[in-house]
Protein chains: 4
Amino acid sequence: MLDAAVSVFGRRGYMAASMDEIAELAGVSKPLVYLYLNSKDDLFSACVDREARALTEAVRAGVRPGLSADGQLWSGLRAFFTHTARHPDAWRVLHLHARTHGERFAAEVAAMREEIVAFVTQLIAAAARDAHRDPHLAEGEVAGLAEALVGAAESLADWAGATEGVTAKQAAATLMNFAWAGLGDLMAGRPWSAPEEPGPEEPGPGEPGQEEPAPVAERAPQEEPSSVVQAAG
Amino acid sequence: MLDAAVSVFGRRGYMAASMDEIAELAGVSKPLVYLYLNSKDDLFSACVDREARALTEAVRAGVRPGLSADGQLWSGLRAFFTHTARHPDAWRVLHLHARTHGERFAAEVAAMREEIVAFVTQLIAAAARDAHRDPHLAEGEVAGLAEALVGAAESLADWAGATEGVTAKQAAATLMNFAWAGLGDLMAGRPWSAPEEPGPEEPGPGEPGQEEPAPVAERAPQEEPSSVVQAAG
Amino acid sequence: MLDAAVSVFGRRGYMAASMDEIAELAGVSKPLVYLYLNSKDDLFSACVDREARALTEAVRAGVRPGLSADGQLWSGLRAFFTHTARHPDAWRVLHLHARTHGERFAAEVAAMREEIVAFVTQLIAAAARDAHRDPHLAEGEVAGLAEALVGAAESLADWAGATEGVTAKQAAATLMNFAWAGLGDLMAGRPWSAPEEPGPEEPGPGEPGQEEPAPVAERAPQEEPSSVVQAAG
Amino acid sequence: MLDAAVSVFGRRGYMAASMDEIAELAGVSKPLVYLYLNSKDDLFSACVDREARALTEAVRAGVRPGLSADGQLWSGLRAFFTHTARHPDAWRVLHLHARTHGERFAAEVAAMREEIVAFVTQLIAAAARDAHRDPHLAEGEVAGLAEALVGAAESLADWAGATEGVTAKQAAATLMNFAWAGLGDLMAGRPWSAPEEPGPEEPGPGEPGQEEPAPVAERAPQEEPSSVVQAAG
DNA sequence: TATGAATGAGAGTTCATTCAT
DNA sequence: CATGAATGAACTCTCATTCAT
């Protein structure tokens, strides 16, 4: 029943979603929805709750704890993009709709986001520690960079979710290049490269361990450029 | 009249905005709104149109044509963040609401976004040409990076708009560091530094010449860390 | 529009009355009802207000100020029964329905009732003064008797309104006998008799000045006794 | 189960009472209510039936058969006010709610009322016979007076039920004074006095023998006069 | 027998939209 | 040109009522 609600909310938004449509999609009657979840607000809140939990859980499960900072970020991003790609409506609910309807929902999303930002902040701080250059990165700066990184990831999730032919791994690679190496290094021919790891999601032989000479996602040829743009919007 | 509509749409969203409130805020009667703009859809479309045009125009006007690639990007970002900060309702309409209500509005936003992405793509390609390392950056790769950059900029615009004490310049600096130097260089103590230029937006004496020792945006001291997370959400 | 509301509320009661039926009876659409009167509660309140005012006004206008105490009571009762007989739905709203739906409406009815009780209290006190027997009637006693008299009048209004063939004058005469002379005097053959006055409501020659040898209302022959009982219930 | 129904109906009214609340208060499940009593209408009808029977039975049992007419009336009124005071929800069901929802319920209440009115009619006729003044009271007149007396009693029951500090005996005394002696006699200092009898309901020592010097009910001192009016409404 | 689970029908309320003026 | 006045349609939510067990 929550599945139906997430689907309708994700496609229509909170206000445009009608309880009739949700009930019909769930295959039950409207009063039943009200029996289990008291109101439209509560229903939406339950959706946001569940999906926020699911997303953070997916990211947490995707991170390889023993790896280096960039390795952990890489694995976390892959899990993040994989989850958002698999649950596009849920992602729309969280990222598009929950933030526009009252403090209540915004707070729920904020709690989820905080967890992810905190994780990223830790990674950056750890990397800075490893580089022994702490003085150059004050605590506030690290937080700012984490914000930027998470924001970029969110936008790329929108883009990847709406663009055909972009896999989660490609999105993650694009972001790692962009964020870790930086455009400057890319210009200079110094892309970031993924750490050695057995591919956990697709462990089959079809995936070569060294697939990263193309560090930036190579998208499928686009006959219709507007769709790309639109998708990324 | 459109001003009123943008304000109400930006604050309430498409569905929750009522024609009554728009007409009242505009100081005219409701039938007059329908006389000039045929329907709520058309009114919203006109808002999106106008604001998309205004934003692209602002960015275009802010770019210093003669500068280097990163200089142009820097000036463009400053113009972008300045505009979104000055017109928060317009930015909410474009980035939050227009994408959630039908292909029609999404397409209008897409057209705007395409222009900006194309501009960024040109800059990256030019920079790559200058570095003589073209082979490393295929066309698709450049487009992907441009997407990531624009996405990061959009997220930062949301964040700056919701966080007190973050100026447009600080947001732009944060993003330039993040995007151009990359986290890797930042770790290594090699931040990106802004090119020499007379500050165009705030040329007054209120701007100290030595503003760049803090390469990452120095945000206002935050006693309440949760507000940061929430604001950035 | 209020007429329709009073009619429907009077016949159905507050809860059972539907805004649809009220709007249809008023010959307008439902949103128009909500435009003028904000909610069902407000609509009901407006009805109660108007009818309470109308009833008190009718009683006030019916009282002959120069008469003796029983003469004033007699004229007031005639006006009261005339009004309730002419506006049965309004009377049902006030006496039956308004008292069962929340303090708000009960208070409005109470204000009206207080006016009438105060008037009756004055009359009884005046009569007691004239009889020079003040010590026997304390203030609280007078108020209690006024309550009883008004209560009896209300019940008789229900009865008269639902029983065919009972005129307002007959109801008033019944109550005057009952209240003023008392059953004891009636047993002893000492009925109360109406003071001399030109009949104001029905001034035609069809009404003899001395019509009161039958002091108690003679009802029409009742083929169906249950209806009488029901009406008086 | 009927107890719960009477309680909820009495407090909420027919329409506002929900079967859910009734079933919950009765401690059973809703389908069980429907098993025993087919519908909400039938349930309400059963309540009205039972309570009407209970009230008439209480009055019948309270009357002392051997007494004089006014003595019987006095004892009957005391039983009546005692019962309504002890079962306020039942009284509300009968007097307030049953009359507002369809002929069916009104007829059930009417049957009860007819019995009481018939009893009172007999009393008045008997008293008239004793006084040897039959010609002055035709049958219709007696019935009218009985209606007025019963109506006054009903109103006083409402008033006593809503006013703190008014006992059944006080209400009965007020009504006997009002009805039997009449205002005229009261003005002249000739109140009705209760016949000699051992107090049946409260025979304990809590009842002083000298309770009749105040012929009219002495209500509790009322600092707030509006509450009296409202309560009596 | 007794009930958890489910629903059809209808309630009050709102809003984009349109005439007559 | 501009609007006061009005409405059709749709919304969220409730409740008496009934199956399957």
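Atoms considered below: every heavy atom in the structure, side chains included; atoms not considered: hydrogens, waters and symmetry mates. Letters A, B, ... mirror the listed sequences (proteins, then strands); counts begin at 1.
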Is there a donor-acceptor contact under 3.5 Å from the side chain of C:Arg99 to the main chain of C:His95? yes
Just by protein heavy atoms under 4.0 Å, how would nucleotides 13-21 of chain F read 5' to 3' in B, S and -? BBBBBBB--
Side-chain donor-acceptor contacts of residues 23-36 of chain B below 3.5 Å, not counting sequence neighbours, with atom names and distances?
unit_1  : atom_1 : unit_2  : atom_2 : d
B:Lys30 : NZ     : B:Asp20 : OD1    : 3.2
B:Lys30 : NZ     : B:Asp20 : OD2    : 3.4

Would you mind reading off the distance between B:Phe44 atom CZ and E:dA16 atom P, rounded to a whole angstrom? 13 Å
To the nearest Å, how far apart are A:Met1 CE and E:dT7 P? 10 Å
Anything below 3.5 Å on both distances counts as a pair; with that, list the stems of at least three consecutive Watson-Crick or G-U pairs involving DNA chain E. E:2-21 with F:2-21
Interatomic distance, A:Glu21 CD vs F:dT12 C1' [rounded to whole Å]: 15 Å
In whole angstroms, how far is the P atom of F:dT12 from the CD atom of A:Glu24? 14 Å
Any donor-acceptor pair under 3.5 Å from B:Arg92 side chain to B:Gly10 backbone: yes
Can you sort out the partners of D:Ala58 under side chain to side chain contact (heavy atoms under 4.5 Å, CB included), two or more places apart, ordered by chain and number? D:His83
Suppose we screen for side chain to side chain contact (heavy atoms under 4.5 Å, CB included). Which residues come up paired with D:Asp41, at least two apart in sequence or across chains? D:Tyr14, D:Ser39, D:Arg104, D:Phe105
Sequence neighbours excluded, the answer for side chain to side chain donor-acceptor pair (under 3.5 Å) partners of A:Thr56 is none
C:Leu43, C:Ile22, C:Asp49 screened by side-chain contact (heavy atoms from CB on, under 4.5 Å) with C:Leu2, the one that passes: C:Leu43
B:Ser29 vs C:Leu32, nearer the 5' end of DNA chain F by closest nucleotide: B:Ser29
Report yes if the side chains of C:Leu96 and D:Leu96 come closer than 4.5 Å at any heavy-atom pair, otherwise no. no
Under 4.0 angstrom between A:Tyr36 side-chain N/O and E:dA6 OP1 or OP2: yes
